[in-house]
There are 2 protein chains.
Amino acid sequence: MKNHQVTIIDIARELGISKSTVSRALTNSTNILPETREAVLKKAKELDYQPNMLALGLIRNESRTLGVVIPDIQKPFFAAIVSGIQHTVSRIGYRIVIAQSDESPLEEKENIKALMLSRVDGFIVCHTRDTKDFEHIKLLHGKGYPLVSFARICPELPIPKVVEDDFNGLYTTTQHLIEQGKKRIALLAGPRQLLASKLRVNGYKVALQQHGIPFDKELVVHTKFLHDQVAAALERWLSLKHPPDGICTIYDAGAVKLIELLKRKGIKIPHEMAVAGFGDDPAASIIEPGLTSYAQRPYEIGVIAGKYMLDLLSKKYPVHHSDMTICKGALVVRGSSR
Amino acid sequence: MKNHQVTIIDIARELGISKSTVSRALTNSTNILPETREAVLKKAKELDYQPNMLALGLIRNESRTLGVVIPDIQKPFFAAIVSGIQHTVSRIGYRIVIAQSDESPLEEKENIKALMLSRVDGFIVCHTRDTKDFEHIKLLHGKGYPLVSFARICPELPIPKVVEDDFNGLYTTTQHLIEQGKKRIALLAGPRQLLASKLRVNGYKVALQQHGIPFDKELVVHTKFLHDQVAAALERWLSLKHPPDGICTIYDAGAVKLIELLKRKGIKIPHEMAVAGFGDDPAASIIEPGLTSYAQRPYEIGVIAGKYMLDLLSKKYPVHHSDMTICKGALVVRGSSR
DNA sequence: CGAAATTGTGGGAACGGTTGCGGGAATGTT
DNA sequence: AACATTCCCGCAACCGTTCCCACAATTTCG
């Protein structure tokens, strides 16, 4: 089976005309006798003709395929973004191929190389948490590939970017805890070099400052998003002379873990210790008490990234167009802080 | 930019040899003078030559791309499966393009048509909950496309399939509730025509029967997985003369919803009402009490589906090879039943 | 030493389409 | 009636690569 797919040559032969005429009938609307065109269309339908996109791609030097490189499709955040991208670009006839870096910078590089070989028309990328070297991306950009990055970006690269409102997210949550009467607020942060983490820490700092609360660096713990580090951070905080009465986190999974630990210790939430997260993961509304969390809209991030890409592809933007959308979120207040 | 990618002709011109020779140097190891080969390889690296897969695909009539059609990438179950597929096939140099049907049979059909146009080499499909007409799939199969389906399958189609252990899952959970001393066990099921739902209902029935508990069809409610229907079902059960003391569900989201409703009503879990789910969603371990649930291994389902596809592509299996893997799971017992 | 086998290379067809160019028939213009 | 114009259509080149075939040069063998 899978024998000889029908080609325009088959149609031409059956109709006793040349393949150019068939091609014109199927594409170009000019320079073709209406009756001929009808005949071709009819025959095409009859034989169930389907154009070979590979051949077309070879001519146009495009594949109408976009490479999407993400750390892990199993994270709800990325799944939602992928969904948004896919829905956006598929309406214009683009497909997306997914590659996962599994948070490995090497894998990220390999994936991009492989996608380049298969001649994708553009890249939508979210870097690994540990990606420090952006040479592979700069290379792509130098070659003129349409490029969009989101969430974890390389700020100096002149390409469209879509990010969450990192600063404002933690500014808002921190302020919320202060308004709830909390005086000493700890922060569970991410890796020091991660831009998104830095921005969120800044939001936290500025909120404290604006409310006249001194910044205490003992209250900030940097993690690599590991469960064990969350437990260790909590122990450290609780052993302080002046332990915190509220904890902000820059990611929900950490906040969820904290709530579990606090409950096990019999510490009352939110009265003895308030907790707030970032991301509004599905878990936030399931755990008890509900987790107050800054809700991002990852699906929208995907939609915007997809639109940026379409604009680049249609040359509406030049490839070095350096635009950035900061995707606003909103604080969802639940029992963990109220 | 993105000007004239380097081709073998460029290499040939620079070296003053023919493109056939260059091609041989880069692929075929025979019939080529070692020095010539070296020179070509060196020049290729120097010019940063990258083969054009489109051209290759045109010759081989393959794209080394697989179409993955799923209802919704945002569901953790599908995300995990996609991840498994991607990891499996990418090692052999295949890419996957994702299309979402959003549970719409029409969209499913359109997606498959579009993927066929772009000449994917095979399809890995999970049908919509409402897909009743499988003509589009049969058409694909008739054309000789490698085809693998998972989770929601069309049983009569002679293609490899990967499914969860639907029957055994509900058999095990039901039996577990019986062993916990429950005498009247209700079942929150899915749509009547959905095969997976039917199989799970059967598991429930057989477990009851083997333990001498009469089947009461008042205790079985068929839903379309809508939240409102869960609430309605619970109301109905509680208003019965002999209300149930345990509830099995065929999906975790329903069980989670039930737990929330029961807690709100002040009904003690598990003493007054035990609850069990299917799927071991992330939520199952977060909600309180923890939800007893039959854990599937969706990532493994993806891996197996990917392997089936690779076997089909390498002609190890004929396209009409009708094999089926039932992916065993295990009951995770938590507070909702213990 | 001449015929045959081997080896490295170039030419060109093929994959399935698009597209510029030119030719021939039909029509329009003087 | 002679010429210009239009309108369809076929020819052939092209996209980048593989691969079969032919051919020349070199080696092997009788």
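- Nearest to the side chain of B/Ser23, among D/dT18, C/dG16, D/dC8, sits D/dT18.
- One atom, CE of B/Met53, and another, C1' of D/dG16, lie 12 Å apart when rounded to the nearest Å.
- Across the protein-nucleic acid pair, A/Tyr49 atom OH and C/dT18 atom C1' stand 11 Å apart, rounded to whole Å.
- Contacts of B/Asn52 with the nucleic acid, taken as non-hydrogen atoms under 4.0 Å apart, involve only primed sugar atoms and P, OP1 or OP2.
- Residues A/Gln50 and A/Gln5 bring no donor and acceptor atom of their side chains to less than 3.5 Å of each other.
- In this structure, A/Tyr49 and A/Ile8 approach most closely via the heavy-atom pair OH-CG2, 3.4 Å.
- Heavy atoms of A/Leu54 sit nowhere under 4.0 angstrom from any nucleic acid atom.
- The closest side-chain donor-acceptor pair between A/His321 and A/Tyr308, if any, does not fall under 3.5 angstrom.
- In terms of phosphate contacts, A/Ser18 brings a side-chain nitrogen or oxygen within less than 4.0 Å of OP1 or OP2 of D/dG10.
- Judged by distance alone, with hydrogens and angles left aside, A/Arg24 brings a side-chain donor or acceptor within reach of the base of D/dG10, the pair sitting under 3.5 Å.
- Within 4.0 Å of B/Arg60, counting heavy atoms only, lie sugar-phosphate atoms of the nucleic acid but no base atom.
- Nearest to the side-chain atoms of A/Thr27 among the listed nucleotides D/dT18, D/dG10, C/dT18 stands C/dT18.
- Within 4.0 Å (heavy atoms only), A/Ile9 reaches no atom of the nucleic acid at all.
- Atom P of nucleotide C/dT9 and atom CG of B/Leu15 are separated by 11 Å, given to the nearest angstrom.
- When the C1' atom of D/dT17 is taken as reference, atom CD1 of B/Ile17 falls 15 Å away, rounded to whole Å.
- For A/Lys43 (side chain) and A/Leu41 (main-chain N/O), no donor-acceptor pair under 3.5 Å exists by modelled atom type.
- Between the CG atom of B/Asp133 and the NE2 atom of B/His127 there is a distance of 10.5 Å, given to the nearest 0.5 Å.
- Distance from the side chain of B/Leu33 is smallest to C/dG8 among D/dT17, D/dC20, C/dG8.
- Residue contacts shown for A/Ile32 are limited to sugar-phosphate atoms, with no base heavy atom under 4.0 Å away.
- Each of B/Leu58 and B/Thr21 lies near DNA chain C, and the nucleotide nearest B/Thr21 is the one positioned closer to the 5' end.
- Separating the CG atom of A/Leu56 from the C1' atom of D/dC15 is a distance of 11 Å, rounded to the nearest angstrom.
- Between A/Ser20 and D/dC9, a side-chain N or O to OP1/OP2 separation shorter than 4.0 Å is absent.
- Between A/Thr128 and A/Glu103, the side chains place no donor N or O within less than 3.5 Å of an acceptor N or O (distance only, hydrogens not considered).
- In this structure, the CD1 atom of B/Ile8 is 12 Å from the P atom of D/dC15, given to the nearest Å.
- Rounding to whole angstrom units, CG of residue B/Asp10 and P of D/dG16 are separated by 8 Å.
- Among the heavy atoms of the strands, none lies under 4.0 Å from B/Glu35.
- Rounded to whole Å, the distance from NZ on B/Lys19 to P on D/dC14 is 11 Å.
- The side chain of B/Thr36 lies closest to C/dG8, out of C/dG8, D/dG10, D/dT17.
- Distance from the side chain of B/Pro51 is smallest to D/dT17 among D/dT17, C/dG10, D/dC19.
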